[in-house]
Q: 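The structure follows.
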Amino acid sequence: RTRAMEVAPSVLNAGAQDFKGSDAKMSIIIGAMAVADIVKSTLGPKGMDKILLSQSGEVTVTNDGATILKRLTLDNAAAKILVDISKTQDEEVGDGTTTVCILAGSLLAEADPLLSQRMHPQTIIAGWRLALNASKQALEAAAWDFNQNPEAFRQMLFKIAKTTLSSKIVHNEHDQFANICVDAILRLKGSGNLENIQIIKKCGGSMRDSFLSDGFILDKRIGVGQPKRLQNAKILVANTPMDTDKIKIYGAKVKVDSISKIADLEQAEVDKMLAKCKKIADHGINVFINRQLIYNKPEQFFTDKGIMSIEHADFDGIERLSSVLGGEIASTFDHPELVKLGTAALIEEIMIGEDRLIQFMGCGAGEACTIVLRGASMQLLDEAERSVHDALCVLKTVVKDPRAIYGGGCSEILMAEAVDALAKRTAGKQSLAMEAFARALRTLPKTIAENGGYDSTELVTQLRAAHNEGRASAGLDMNKGQIGDMKEMGICESFRVKSQSLVSAAEAAEMILRVDEVITSPRAAATSRAAAAAEGGAA
């Protein structure tokens, strides 16, 4: 053979990297395990927080898996896959983002020794699929439906919300926050539209001062000299310029032969504005809310007519406001009969701390409510908002699928025991992969115990023994550092959230395990680093 035939031809650009076989496997498995290790310490009621500092100097304090992973600048393909499944989990059900990452990382860590024994990835994946089916069946068998009567339904929602919030920054007040979240979700009457629940953050006071307000609160001010309290409001929500009384002609060239002509032009502008105001008043309204600014002349006009005017309601606020009040956003006012007005039983100015806000009571859409969060710092309020949002998303999921399971590592041990039992009956190498799947499931209660400072091996073995004795509701009591009855303690989780975590983690681990080659283009690597740097600066 010639020398040219002995050298393997390369079709890649100069500088491109190509990892094959065990090198590629090592790269992706280590990347996924590294991401899982980053969020591992945040799991469970005794989990720790992370401080994230962006390039712009913005500080974020959080233990929310999705938020942490979103802010990371990563250069490993497998790590990015885990970040993506975490985001999907957050968007789909709102909670379980940390669980997904840890479970996927554990599955790949357990697969590593099997790959070292020359077991083919497809054999491992086949075993995992059998284990996943067994886990889902065990989880469905353990779940129960609680949609029998309204009182039992509310009680179960409260328990699930309390369990969700126990690992968040609001855990010291989780009873209060759980009640706030449950009341807010029940007001939606099953619609699941979280747009109707507004969250307002106000520094000052303590978390205990947070409350749920009926109706809608807008963080704006009522116009000068206008009524601060109004009953039976008819409201026009608009997005229109109300600032043409300001002189805008100096930006253009206008030739006039006297100063009086400029005064005429200004007067024409004012007359045009007042004609527009008259059209608005002809709608028979007593409240006018505009997305844009309202300047002095139109504000004075509305004051004289006894109409309450509110300016500069931001776009998100006005979209939500129109749906809450049952009205439409208008931009033209020539046909009052075609415009749908919003309604409210009472509008009044209220004080929260030292700030004045506007409260709308008895809105057209009766589901509207506002959660007002109080706290010592903005970082604490941001984290409290993330916690409340997670709880609301979980409760929305529970309302659609009213099934629950026991928490505290109970369901993971239940699934692991079911997988182990099936592995004993399965012949061939697949049973080794199934045992690895069961070990990965047990890492979740093990991590929860470790984060609480307890002996994780001792507790997990005790938990396994308790389940084999027939105590199906046994789980980790993190207050006492021992095995407790989750049924008595009221620690419950959403079946849908747990099921989604399990399936997402297994699918992500399977996808990463299928990879046998990693090809890195030098230009693509440089571009991704530049984009990541820009994104980090924006964050």
Q: Go through the side-chain N and O atoms of Thr163 and Glu493 and say whether any donor and acceptor fall under 3.5 Å apart.
A: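 Result is no, nothing qualifies.
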Q: Hydrogens and angles aside, do Glu299 and Ser309 bring a side-chain donor and acceptor to less than 3.5 Å of each other?
A: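 No donor-acceptor contact under 3.5 Å links the two side chains.
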Q: What are the two closest heavy atoms between Ala32 and Ile512, and how far apart are they?
A: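 Smallest interatomic distance, heavy atoms only, reads CB-CD1, 4.4 Å.
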Q: Among Gln176, His174, His171, exactly one meets side-chain contact (heavy atoms from CB on, under 4.5 Å) together with Leu165. Which residue is that?
A: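 So, applying the side-chain contact (heavy atoms from CB on, under 4.5 Å) to Leu165 and each of Gln176, His174, His171, only His174 qualifies.
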Q: Between Arg154 and Asp183, does any NZ, NE, NH1 or NH2 come within less than 4.0 Å of an OD or OE carboxylate oxygen?
A: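 So Asp183 pairs with Arg154 through a salt bridge.
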Q: Do the ring planes of Phe333 and Phe288 sit parallel (below 30°), tilted (30 to 60°) or perpendicular (above 60°)?
A: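 The arrangement is perpendicular - the two ring planes meet at more than 60°.
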Q: With a 4.5 Å cut-off on side-chain heavy atoms, are Val398 and Leu157 touching?
A: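 Heavy-atom side-chain distance check passes, below 4.5 Å.
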Q: Any pair with a residue in residues 171-181 that passes salt bridge (Lys or Arg N to Asp or Glu O under 4.0 Å), sequence neighbours left out, goes on the list, sorted by first then second residue, please.
A: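 Output for this query lists Lys162-Asp175, Glu173-Arg208.
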Q: Out of Lys168, Arg496, Lys498, Lys396, which one pairs with Asp95 under the salt bridge (Lys or Arg N to Asp or Glu O under 4.0 Å) rule?
A: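 One option only clears the test, and that one is Lys168.
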Q: Salt-bridge test for Glu349 and Arg229: reply yes if a basic N is under 4.0 Å from a carboxylate O, no otherwise.
A: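 Not counted as a salt bridge, because no side-chain N and carboxylate O are separated by less than 4.0 Å.
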Q: Ignoring hydrogens and angles, tell me if any N or O in the side chain of Asp37 forms a donor-acceptor pair with the backbone of Ile102 under 3.5 Å.
A: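 Not at all, since once roles are kept as given, no pair shorter than 3.5 Å links the two residues.
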Q: Check this for me: Gln267, atom CD, are more than 12 non-hydrogen atoms of other residues, nucleotides or ligands nearer than 6.0 Å?
A: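 Check passes, neighbour count above 12.
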Q: Taking Arg374 for the side chain and Lys202 for the main chain, is one N or O donor matched with an acceptor at less than 3.5 Å?
A: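 Yes.
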Q: Just by modelled atom types, is the His312 backbone N or O under 3.5 Å from a matching donor or acceptor in the Lys220 side chain?
A: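 Between the backbone of His312 and the side chain of Lys220 there is a qualifying donor-acceptor contact (under 3.5 Å).
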Q: So, Gln300 versus Asn296: side-chain donor-acceptor pair below 3.5 Å or not?
A: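 Asn296 and Gln300 do not have a side-chain donor-acceptor pair below 3.5 Å.
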Q: Between the side chains of Arg386 and Asp390, is the shortest nitrogen-to-carboxylate-oxygen separation below 4.0 Å, so that they form an ion pair?
A: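 No, no charged N to carboxylate O under 4.0 Å.
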Q: Using side-chain heavy atoms (C-beta onward) and a distance below 4.5 Å, is Lys297 in contact with Val270?
A: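 Heavy-atom side-chain distance check passes, below 4.5 Å.
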Q: May I ask you to test the Thr42-Ile68 pair for a side-chain heavy-atom distance under 4.5 Å?
A: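 Yes, their side chains come closer than 4.5 Å.
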Q: Scan for salt bridge (Lys or Arg N to Asp or Glu O under 4.0 Å) pairs involving residues 323-346, sequence neighbours excluded, and state none if there are none.
A: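 Listed once each, the pairs are Lys279-Asp334.
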Q: Compute whether any side-chain donor of one residue and acceptor of the other, for Gln292 and Thr240, lie under 3.5 angstrom apart.
A: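 On atom types as modelled, these side chains do not qualify, holding no pair under 3.5 Å.
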